[in-house]
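The structure under discussion appears below in the form of structure tokens.
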2 protein chains.
Amino acid sequence: MRLTTKGRYAVTAMLDLALNAENKPISLADISRRQDISLSYLEQLFSKLRQQGLVSSVRGPGGGYKLSRDAEAICVAEIIDAVNESIDATNCGGSGNCSDGQICLTHHLWCDLSDQIHQFLSSISLAGLVARNDVREVAERQNRERDREQTLEFIGAGGA
Amino acid sequence: MRLTTKGRYAVTAMLDLALNAENKPISLADISRRQDISLSYLEQLFSKLRQQGLVSSVRGPGGGYKLSRDAEAICVAEIIDAVNESIDATNCGGSGNCSDGQICLTHHLWCDLSDQIHQFLSSISLAGLVARNDVREVAERQNRERDREQTLEFIGAGGA
DNA sequence: TTATAGTTGACTAAAGTAGTAGGGAATTAG
DNA sequence: CTAATTCCCTACTACTTTAGTCAACTATAA
Ligand code: FES
Ligand code: FES
């Protein structure tokens, strides 16, 4: 089992999508700016998210990505699964044969742990995250920062 | 966060120790045979387990490792921590600064997840595992296999 | 004194992570 | 129409970690 920047980026980007969607598509460039994630890397992640049917894409100017379902119907577990293979904690992948073809001493422990994690991450939807106070606060800060950056760019362009 | 063979081996080996300890030390060679884990790799893992004070060692013939505490007082979380750095799911390591020095959108989510996993793995002691039926069954099978192997070796030695 | 068993450090192949680079192909604003 | 925008795809790379191997050394019990 692993949970690395890859899965975290994916969840963060999907949450950004849920927060900023006003039924128009959001470009990866926007997400990249707001969440400080490399654009090329986002493209790789969204390729997988699209393959799993979590987002749909619109090409061309004004295009980008949209959630392909309601934010209530997308849970964190799905997102991590989509980019990250799995959140399975066993060595055998559930087949119970990692100790010379036989079940190992700790198999059931890792199964229980996997269940535990999966239940937890399945119980959290994007909508649930959007509703959280701490998430809203961070999102507002990011919007303020983005506005300021745009103002600075404008002044810079005007002054030059 | 990661949970790989490393942490799983460590827990399996510690559980083997708890199962087979009759207040005499168990050699890594025994554990290696029973659990099918490379001896040299076990040495590395037990070096860390000893540094964390989870086991104590006895050198020389008849030596080996013993649990340095009661099996009730050693939980799975500790063992994984000892060999695996941490089971922290955040990117920032808890300091809340992974998005350009600021807290990121999903920080609290990963904190909650970390708590969840840590609570679960802390609630399980080696003694708790030893008491489980599925663990006892696997252990008994391993003991039968080891006995048979010893018999075969004996016959092989006698016949040659 | 010798075989046993822990202790330590250096080394390695393979895999995965977190990207970068660069070319396409669709679409639409101008 | 055309040029800019945006997604799409493949290949490449530096780096880290994993899961080991190997070899030399130290303590100790029989
Ligand atoms: S983890 Fe499933 S058999 Fe070992
Ligand atoms: S994970 Fe803690 S700030 Fe991003």
Side-chain angles (χ1 to χ4, degrees), chain A residues 1-13 17 24-33 35-52 54-68 80 83-89 91 93 98-99 104, chain B residues 1-13 17 20 24-33 35-52 54-68 80 83-89 91 98-99 104:
Chain A
M1 189 188 65
R2 63 195 91 86
L3 175 56
T4 61
T5 309
K6 197 183 205 168
R8 279 190 291 260
Y9 276 180
V11 175
T12 303
L17 221 53
K24 63 171 200 293
I26 306 290
S27 76
L28 291 187
D30 280 356
I31 300 180
S32 170
R33 262 192 301 274
Q35 306 304 334
D36 203 29
I37 304 174
S38 138
L39 178 58
S40 298
Y41 201 41
L42 274 178
E43 285 175 349
Q44 287 175 49
L45 298 180
F46 272 80
S47 161
K48 295 192 181 180
L49 293 171
R50 193 174 54 94
Q51 280 165 37
Q52 298 299 317
L54 293 177
V55 296
S56 53
S57 60
V58 180
R59 287 173 148 200
Y65 285 94
K66 293 188 297 186
L67 299 181
S68 57
I80 295 178
V83 296
N84 222 25
E85 315 255 2
S86 91
I87 47 180
D88 184 12
N91 186 31
C98 83
S99 167
C104 73
Chain B
M1 188 188 66
R2 62 195 90 90
L3 175 56
T4 61
T5 309
K6 197 181 202 169
R8 278 190 292 259
Y9 277 179
V11 175
T12 302
L17 221 54
N20 295 286
K24 65 173 197 295
I26 306 290
S27 74
L28 292 187
D30 280 356
I31 300 180
S32 169
R33 261 193 301 275
Q35 307 303 334
D36 202 28
I37 303 174
S38 138
L39 177 58
S40 298
Y41 200 40
L42 274 178
E43 284 172 352
Q44 286 176 50
L45 297 180
F46 272 79
S47 161
K48 294 192 181 181
L49 293 171
R50 191 173 56 94
Q51 279 164 36
Q52 298 299 317
L54 293 178
V55 295
S56 53
S57 59
V58 180
R59 288 171 146 201
Y65 286 94
K66 292 189 297 185
L67 298 182
S68 59
I80 295 178
V83 296
N84 223 22
E85 314 255 4
S86 89
I87 47 180
D88 185 12
N91 186 31
C98 81
S99 167
C104 74

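The chains referred to below are lettered A, B, ... by the order of the sequence lines, with proteins before strands, and numbering in each begins at 1.
Scanning all heavy atoms of the two residues, the minimum distance from A:Ser32 to A:Ser38 falls at OG-C, 4.3 Å. Between B:Lys6 and B:Lys48, the shortest heavy-atom distance links the atoms NZ-NZ, 3.9 Å.
Once rounded to the nearest 0.5 Å, the distance linking CG of A:Asp30 with CD of A:Gln35 reads 10.5 Å. To the nearest 0.5 Å, atom CZ of residue A:Phe46 and atom CG of residue A:Leu39 are 10.5 Å apart. A distance of 12.5 Å separates CZ of A:Arg2 from CD1 of A:Ile87, quoted to the nearest 0.5 Å. Of the inter-residue distances, the one linking B:Ile31 atom CD1 with B:Leu17 atom CG reads 5.0 Å to the nearest 0.5 angstrom. The distance from the CG atom of A:Leu49 to the OG atom of A:Ser57 is 11.5 Å, given to the nearest 0.5 Å.
Both A:Thr4 and B:Ser27 lie near DNA chain C, and the one whose nearest nucleotide falls closer to the 5' end is B:Ser27.
Residue A:Glu43 places a side-chain atom within donor-acceptor reach of the base of D:dC9, judged by atom type and a 3.5 Å distance cut-off alone.
Residue B:Leu45 contributes atom CG, which lies 14 Å from atom C1' of D:dT21 at whole-angstrom precision. To the nearest angstrom, P of D:dT17 lies 13 Å from OH of B:Tyr41. One interatomic measurement links the two molecules: CG of A:Leu42 to P of D:dT6, which rounds to 14 Å at whole-angstrom precision. If you take CD of A:Gln51 and P of D:dC7, they are 16 Å apart, rounded to a whole angstrom. Going from atom CD of A:Gln44 over to atom P of D:dC12 covers 14 Å, rounded to whole Å. The distance from atom CG of A:Leu28 to atom P of D:dC9 is 13 Å, rounded to the nearest whole Å. In this structure, the CD1 atom of B:Ile80 is 13 Å from the P atom of D:dT18, given to the nearest Å. In this structure, NZ of B:Lys48 is placed 11 Å from P of D:dA19, rounded to the nearest angstrom.
You'll find that the side chain of B:Ser38 is closest to D:dG20, out of D:dA19, D:dG20, D:dC9.
For the pair B:Ser40 and D:dG20, the criterion of a side-chain N or O lying under 4.0 Å from OP1 or OP2 is not met. The phosphate of D:dG20 (OP1 or OP2) has a side-chain N or O of B:Tyr9 nearer than 4.0 angstrom.
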Does the side chain to side chain contact (heavy atoms under 4.5 Å, CB included) test come out yes or no for A:Val11 and A:Arg8, once each step is laid out? CA-CA 5 Å; A:Val11 175; A:Arg8 279 190 291 260; 6.0 Å; no
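DNA chain D lies under 4.0 Å from at least one heavy atom of each of the following residues of residues 55-66 of chain B: B:Arg59, B:Gly60, B:Pro61.
Taking the 5' to 3' direction, DNA chain C first and last meets chain A under 4.0 angstrom from a heavy atom at C:dG16 to C:dT28.
A side-chain donor from one of B:Gln51 and B:Ser47 sits under 3.5 Å from a side-chain acceptor of the other.
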